[in-house]
Amino acid sequence: AAKADGRNTVVAYTRELADALSHRREMEADLREAARCGRLSLHYQPIVDARTDQVRSYEALMRWNHPEKGMIPPSEFIPIAEQTGLITQLGAWALRQACLDARNWAETISVAVNVSASQFKDAPQLIENVKDALLISGLDPSRLELEVTESLLIVNQEATLDAIRTLRRIGVRFSLDDFGSGYSSLAYIARYPFSKVKIDRSFAEHLTADSTSRSIIEVVCQLALKLGMRVVVEGIETEQQRREIVALGAEQAQGWLFGRPKPIGDLNQSIRRTAA
Ligand code: C2E
Ligand code: MG
Ligand code: MG
Ligand code: MG
């Protein structure tokens, strides 16, 4: 019986693996199709001055409207895009679309675009795509912020730093996204030319219950101030969280309290250049 059980387990496991693989292949084909047929879109979420609510930038967040499955969150399709190399094409499209959209906003408002570590594997291509997006849109490079995560900084440090420096020379800014969620090191903040540190949402979540979260936010704010960088705290959902992070020295915030990601057409009219 033990033998049969073992065999059944193997059979079940093999089937599970085969199912997962075919699901992934299907998603990959659908995603390719979606990219081709314009079923991907960008939603925008405000990043605000934590004291005044004034919008400083909008973060572009990719959405996939699947014909049968409905809205698929980026946590499901970005990893597939990264593994299959499709991210290069998707990333180039997002850069271009975000810059074109931002061109119509007040000049005081920047646009933040997420860039995967895998896009840095072909750094010359990434640099080319950023330049293209700026050229086509005519957007001032200083209004483009590229959000990268700590995972990028662990691998291939020299090549990554070179690419970041090249884009910095053009005038593009960099933000360290989700700080504190991975193998964080305060050294990263100092070693790379970041304009901004975005403190991961988990710290805001534990603010009231956990004094460690408070201390970390406070220390990162102090370090950022010394290094001339801005701090954004992600995931601010309540008025109390807002008050606390302001007291800890945070300048900017992002979260549902200020606005959820929305399609471009639903953004507040006040950001329009014509209204500004
Ligand atoms: P991220 O860059 O850290 O983006 C912030 C995420 O937090 C967004 O999730 C946003 O909807 C969510 N969020 C914002 N405020 C709150 C809040 O107050 N509470 C809670 N619970 N969540 C909040 P989203 O849109 O699902 O995106 C998830 C991740 O997918 C992003 O995290 C980013 O890493 C990745 N992503 C999204 N768009 C792109 C893209 O165009 N390119 C790449 N490479 N990655 C992308
Ligand atoms: Mg981001
Ligand atoms: Mg983030
Ligand atoms: Mg994230």
Side-chain angles (χ1 to χ4, degrees), residues 31 34-35 39-48 50 55-65 70-102 110-122 125-126 129-130 133 144-152 173-182 184 194-207 220 230-242 244-245 250 252-264:
L31 189 54
R39 272 198 292 272
L40 296 172
S41 64
L42 294 178
H43 281 197
Y44 289 96
Q45 186 183 31
I47 298 171
V48 305
V55 176
R56 296 297 186 214
S57 24
Y58 280 99
E59 178 172 3
L61 295 158
M62 214 183 279
R63 297 291 181 263
W64 175 12
N65 195 355
M71 277 294 180
I72 301 180
S75 57
E76 271 178 50
F77 69 85
I78 295 287
I80 295 175
E82 288 172 347
Q83 286 155 21
T84 56
L86 258 178
I87 193 69
T88 306
Q89 190 188 333
L90 264 50
W93 168 78
L95 278 164
R96 184 186 280 215
Q97 189 60 50
C99 289
L100 283 167
D101 287 341
S110 306
V111 65
V113 180
N114 293 284
V115 179
S116 293
S118 47
Q119 288 172 265
F120 276 86
K121 279 188 207 145
D122 189 351
Q125 179 72 64
L126 174 64
N129 292 341
V130 172
L144 176 61
E145 299 171 358
L146 301 182
E147 297 197 356
V148 301
T149 58
E150 293 151 346
S151 62
L152 170 70
R173 295 166 202 259
F174 282 84
S175 305
L176 181 55
D177 203 357
D178 302 344
F179 181 77
S181 66
S184 301
F194 292 116
S195 306
K196 224 179 222 187
V197 183
K198 300 185 76 179
I199 300 178
D200 190 66
R201 176 168 96 223
S202 57
F203 294 93
E205 201 180 320
H206 302 124
L207 253 182
V220 172
R230 307 210 124 107
V231 171
V232 181
V233 184
E234 304 188 88
I236 298 300
E237 297 178 359
T238 68
E239 196 49 56
Q240 192 188 348
Q241 288 172 327
R242 181 237 289 267
E244 287 197 56
I245 63 153
Q252 297 186 4
Q254 180 176 6
W256 294 344
L257 179 67
F258 311 101
R260 299 208 180 213
K262 285 186 217 151
I264 182 81

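Only heavy atoms go into these numbers, but all of them, side chains included; no hydrogens, no water, no symmetry mates. As the structure lists them, so they are numbered: ligands from 1, and atoms in each ligand from 1.
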Can you confirm whether [X] sits close enough to [Y] that some side-chain heavy atom of one is under 4.5 Å from a side-chain heavy atom of the other?
X: Arg173; Y: Ser57; result: no
X: Glu59; Y: Lys198; result: yes
X: Phe179; Y: Val231; result: no

- Message: Under 2.8 Å from the Mg ion (ligand 3), can any N, O or S atom of Asp200 be found?
- Response: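 No N, O or S atom of Asp200 is closer than 2.8 Å to the Mg ion (ligand 3), so no.
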- Query: Is there a donor-acceptor pair under 3.5 Å between the side chain of Gln97 and the backbone N or O of Trp93?
  - Reply: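 Answer holds: no.
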- Item | Leu126 backbone acceptor or donor facing Gln119 side chain under 3.5 Å | no
If you measure from each heavy atom of [X] to ligand 1, is any distance below 4.0 Å?
X: Pro73; answer: no
X: Gly235; answer: yes
X: Glu82; answer: no
X: Gln254; answer: no
X: Glu59; answer: yes
X: Arg63; answer: yes

Of all the atoms in ligand 1, which lie at a distance below 4.0 Å from a heavy atom belonging to [X]?
X: Glu234; result: 3 (O)
X: Gly255; result: 15 (N), 18 (O)
X: Ser116; result: 44 (N)
X: Asp178; result: 3 (O)

- Query: Is the distance from the Mg ion (ligand 2) to some N, O or S atom of Asn114 under 2.8 Å?
  - Reply: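 So Asn114 counts as coordinating the Mg ion (ligand 2), yes.
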For the Mg ion (ligand 3): the N/O/S atom of [X] at shortest distance:
X: Asp178; value: OD1
X: Asp177; value: OD1
X: Glu234; value: OE1

- Task: Would you please classify the geometry between the Tyr58 ring and the Tyr44 ring as parallel, tilted or perpendicular, with 30° and 60° separating the classes?
- Result: perpendicular
- Query: Which atom, counting only N, O or S, brings Glu59 closest to the Mg ion (ligand 2)?
  - Reply: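 For Glu59, the N, O or S atom at the smallest distance from the Mg ion (ligand 2) is OE2.
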- Query: Taking just the N, O or S atoms of Glu147, which one is nearest to the Mg ion (ligand 2)?
  - Reply: OE1
Which is closest to [atom] by heavy-atom distance: [options]?
atom: atom 16 (C) of ligand 1; options: Phe258, Trp93, Trp256; answer: Trp256
atom: atom 30 (O) of ligand 1; options: Pro74, Pro79, Ser181, Ser175; answer: Pro74
atom: atom 39 (C) of ligand 1; options: Asn114, Asp177, Leu257; answer: Asn114
atom: atom 14 (C) of ligand 1; options: Glu237, Gln241, Gln45; answer: Gln45

- Task: Would you indicate whether Arg242, at its atom CZ, is surrounded by more than 12 heavy atoms from other residues, nucleotides or ligands within a distance under 6.0 Å?
- Result: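 It does: Arg242 CZ has more than 12 such atoms within range.
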- Message: More than 12 heavy atoms of other residues, nucleotides or ligands under 6.0 Å from CZ of Arg96: yes or no?
- Response: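 No - once you tally the heavy atoms of other residues, nucleotides and ligands closer than 6.0 Å, there are 12 at most.
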How many angstroms lie between [atom1] in [X] and [atom2] in [Y], if you round to the nearest 0.5 Å?
X: Ile236; Y: Arg201; atom1: CD1; atom2: CZ; value: 11.5 Å
X: Lys121; Y: Leu152; atom1: NZ; atom2: CG; value: 11.0 Å
X: Ile87; Y: Ile78; atom1: CD1; atom2: CD1; value: 4.0 Å
X: Phe194; Y: Asp177; atom1: CZ; atom2: CG; value: 10.0 Å
X: Asp200; Y: Leu176; atom1: CG; atom2: CG; value: 10.5 Å

- Item | Residue pair Gln45 / Gly259: nearest heavy atoms and the distance that separates them |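 In terms of heavy atoms, the two residues are closest at NE2-O, 3.0 Å.
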- Message: Using a 3.5 Å cut-off on N or O atoms only, is Ser75 in polar contact with ligand 1?
- Response: no
- Task: Report yes if some N/O of Met62 lies less than 3.5 Å from some N/O of ligand 1; otherwise report no.
- Result: yes
- Query: If you measure from each non-hydrogen atom of Lys198 to ligand 1, which part falls under 4.0 Å: side chain, backbone, both or neither?
  - Reply: neither
